[in-house]
There are 2 protein chains.
Amino acid sequence: MPATLKDIAKEVGKSITTVSRALHGYDDVSPETIALVRRVADEMGYTPNIMAQRLQKQRTDTIGFILPTFGPRFSDPFFSEFLAGIGNRAAKLGYDLLVSTRPPGEEELSTYRRKVQSHLVDGFVIVRTRRHDPRIEYLCQADFPFVAFGRTENNCDFPYVDEDGEHGMRLMAHHLADLGHKDIAFIAAPDELMFAHYRSKGFKEGLEERGVHLDEKLIVTGDLTQRDGFRQATSLLELTNPPTAIAACNDLMAMGAISAAQKRGLIVGKDIAITGFDNIPLAEHSHPPLTTIHQPIYQIGDMVCEILIRRIKGESVETDHALLEPTLVIRETCGGNQ
Amino acid sequence: MPATLKDIAKEVGKSITTVSRALHGYDDVSPETIALVRRVADEMGYTPNIMAQRLQKQRTDTIGFILPTFGPRFSDPFFSEFLAGIGNRAAKLGYDLLVSTRPPGEEELSTYRRKVQSHLVDGFVIVRTRRHDPRIEYLCQADFPFVAFGRTENNCDFPYVDEDGEHGMRLMAHHLADLGHKDIAFIAAPDELMFAHYRSKGFKEGLEERGVHLDEKLIVTGDLTQRDGFRQATSLLELTNPPTAIAACNDLMAMGAISAAQKRGLIVGKDIAITGFDNIPLAEHSHPPLTTIHQPIYQIGDMVCEILIRRIKGESVETDHALLEPTLVIRETCGGNQ
DNA sequence: ATTCTATTCCAAAACGTTTTGGGAGTCAAT
DNA sequence: ATTGACTCCCAAAACGTTTTGGAATAGAAT
């Protein structure tokens, strides 16, 4: 139904070649013909058929992003913000974004494989890297363009952007130690997740540097959701010697911990200190506002996307191992300023 | 580089036609040939070139979803959950999901137009309908498949799934009135948003039905973010006659309102009642847990996507005007159960 | 008159698939 | 011997674009 090059060619009485070249403004077409073709194309409401273009050009101008989701009640503020970051940048550079949702596992990997082999996307954005990450291993070995948000322990070189979570958590540990806390608990996340690993590492080192002992019994692991933060904090607070401070691996769990403490009648910021990591928008307006580590997620999405597209286009990339310095955002969950 | 039908044909000494038909299991190919072709295809690691398939089939097996985003600090739990709903259903039915992010406006509409005209997607999922919605108007007039989450006042018939927000908010109004509140404030959202319109309408009607007067000065409008909920609630609480209950148009603003109240030293659930709408995961674990209206966002995404794909395939759709009954979830922000 | 250069155009191939409309061969029934 | 049915196969067209490798014409330089 919609107009094609052939239709225009018939209309103006020229060949398909000439029409195509006229529309692209090649200089082996006379100015008059160019004007004519453009006018007619406009009148006929011509838009190129993208599939035909892609088949011919052998590229898709599309980047892939596979969200690692668990379960239906999936709602992590991290992802919507990150998505906006890559989405806006991609649009600005004329790329589309193909999004899938897959729980980590075999099916996830085969989704990558299928999309690579069938030329569905020109490159991938990887998030939530794992210590041993099969996605990265596969894409490296297939020599397919991708950029990761996060590092990994796989033995291959690839471009990434990452926050220095180790350093961030060290700052947090110092902060808590300097406030005089001795019994500090840590709600970690699965160590298989690279960012969780770094954050745990930084936290432990930070306390050690201040000479504070971190009791193994006060280290628990949550699944990053607010619900689990609530659960883990509750069990910590039920100990015979409950901690005076709880550091969570991310804001969502920290917010769950705040609820848990308040439910037991504790005043957060006075009876107990609680900290997070991420500085999601919710953190600023929780009650009390959450002390956390800021991480510019939107900008990271933006950077990752830009680096990826440069790589796809074969342009040189100045920095393809960026490590961002996170900053400590002191609000009210550790007291000191009410 | 990757194997094509031609390569396989050469390898097995048959025509391209036969190879194609063998791979699709047509019964005009001998079983032996089918087995042979399949084996060789496997060995050569054949995957069909999707662009070629799409060009030939004149469809993309892709559905489009354009997120209406405002500003970089975009983080609405609603969207990630909804996205998971449509993403998972699409994957199950063999469809891809093409996501864009665009602030509402001229550019948004031209994005729709471009994607339609260049055959980039087979259909659209529309969210956050507006009272007068140019997207819907355009897609209707272009006779392009789409399904909306939400209704509109445009004068055209189209398939949608919606929650009955009017009814939901009426329930909430009754709840607050029945608890004895007289001075009730409402944090609305821009009336141009269809769901906000229904929710405001239902709330006003609900109070009227109980004979409670809703003071115009106690109606304010927020932008759906927690930050603005905080701001609007703060100004409400600073009035000389502050309300004893605040109903927010969504959970995020309600959570902002909770913070605002707590910041002023009020005990939520005792000194003041606060309610939301949506039942996002965070609502369950806020402190105190939020009384709200439950809306099954994931399932709605799932339904919308399924209806859309049936329409694309030309299958008959039994219900293409679904109105879901929301339910009242009573937690602790209105008191009564501590 | 010939050659050269510029200008403007186009036929055909290519991208990789699916589908159409048969063709060739075999075997059994007439 | 002819017909019909059945099985297995394939050449060619089609989808709509871009690119390759010239061709045709006109004017200028030799």
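This is a predicted model, so every value here is computed, not measured. Quick note on labels: first sequence line is chain A, next is B, and so on, each numbered from 1.
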Trainee: Does atom CG of A:D28 have more than 12 heavy-atom neighbours, drawn from other residues, nucleotides or ligands, at distances under 6.0 Å?
Mentor: yes
Trainee: Can a salt bridge be assigned to the pair B:D162 and B:R151 using a cut-off of 4.0 Å between side-chain N and carboxylate O?
Mentor: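 Salt bridge flag = yes for B:R151 with B:D162.
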Trainee: Kindly state which residues belonging to residues 15-31 of chain B come within less than 4.0 angstrom of DNA chain C, counting heavy atoms of the residue only, listed by number.
Mentor: B:I16, B:T17, B:S20, B:R21, B:H24, B:Y26
Trainee: Check this one for me: any side-chain N or O of A:Q58 less than 4.0 Å away from OP1 or OP2 of C:dA14?
Mentor: no
Trainee: Who are the side-chain hydrogen bond (donor to acceptor under 3.5 Å, both in side chains) partners of A:T33, not counting sequence neighbours?
Mentor: A:S30
Trainee: Run through A:V147, A:L98, A:L97 and flag the one making a side chain to side chain contact (heavy atoms under 4.5 Å, CB included) with A:I63.
Mentor: A:L97
Trainee: Tell me, which of residues 40-48 of chain A have any heavy atom that sits under 4.0 Å from an atom in DNA chain C?
Mentor: none
Trainee: Report the end-to-end axis angle of the helix from C:dA1-D:dT30 to C:dT30-D:dA1; each axis comes from five terminal pairs, and the value is rounded to 10°.
Mentor: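 Terminal axis comparison yields 80°.
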Trainee: How close or far is atom P of C:dA14 from atom NZ of B:K6, stated in whole angstroms?
Mentor: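 Nearest whole value for this atom pair: 7 Å.
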Trainee: For D:dC9, does either OP1 or OP2 sit under 4.0 Å from a side-chain N or O belonging to B:K14?
Mentor: yes
Trainee: Flag the pair A:Y138 / A:Y112 as yes when their ring centroid distance falls below 6.0 Å, and as no otherwise.
Mentor: no
Trainee: Using whole Å, report how far NE2 of B:H119 lies from P of D:dC15.
Mentor: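 Computing the B:H119:NE2 to D:dC15:P distance gives 12 Å.
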Trainee: Is B:Q53 close enough to C:dT18 that one of its side-chain N or O atoms is under 4.0 Å from OP1 or OP2 there?
Mentor: yes
Trainee: Listed by chain and number, what are the ring-ring contact (aromatic ring centres under 6.0 Å, His included) partners of B:H132, not counting sequence neighbours?
Mentor: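 B:H132: no ring-ring contact (aromatic ring centres under 6.0 Å, His included) contacts found.
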Trainee: Let me know which of A:N154, A:T152, A:L193 forms a side chain to side chain contact (heavy atoms under 4.5 Å, CB included) with A:R130.
Mentor: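 The single option meeting the side chain to side chain contact (heavy atoms under 4.5 Å, CB included) with A:R130 is A:L193.
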Trainee: OP1, OP2 of C:dC15 versus side-chain N and O of B:T4: anything below 4.0 Å?
Mentor: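 For C:dC15, OP1/OP2 do not have a side-chain N/O of B:T4 under 4.0 Å.
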Trainee: State whether the side chain of B:D302 and the backbone N or O of B:Q299 hold a donor-acceptor pair below 3.5 Å, judged by distance alone.
Mentor: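 A pair under 3.5 Å: no.
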Trainee: Heavy-atom count check: over 12 atoms from other residues, nucleotides or ligands less than 6.0 Å from B:E107 CD?
Mentor: no
Trainee: Where do A:I136 and A:C156 come nearest, in terms of heavy atoms and distance?
Mentor: CG2-SG, 4.0 Å
Trainee: Can you name the side-chain hydrogen bond (donor to acceptor under 3.5 Å, both in side chains) partners of B:T101, sequence neighbours left out?
Mentor: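 side-chain hydrogen bond (donor to acceptor under 3.5 Å, both in side chains) check on B:T101 returns A:N88.
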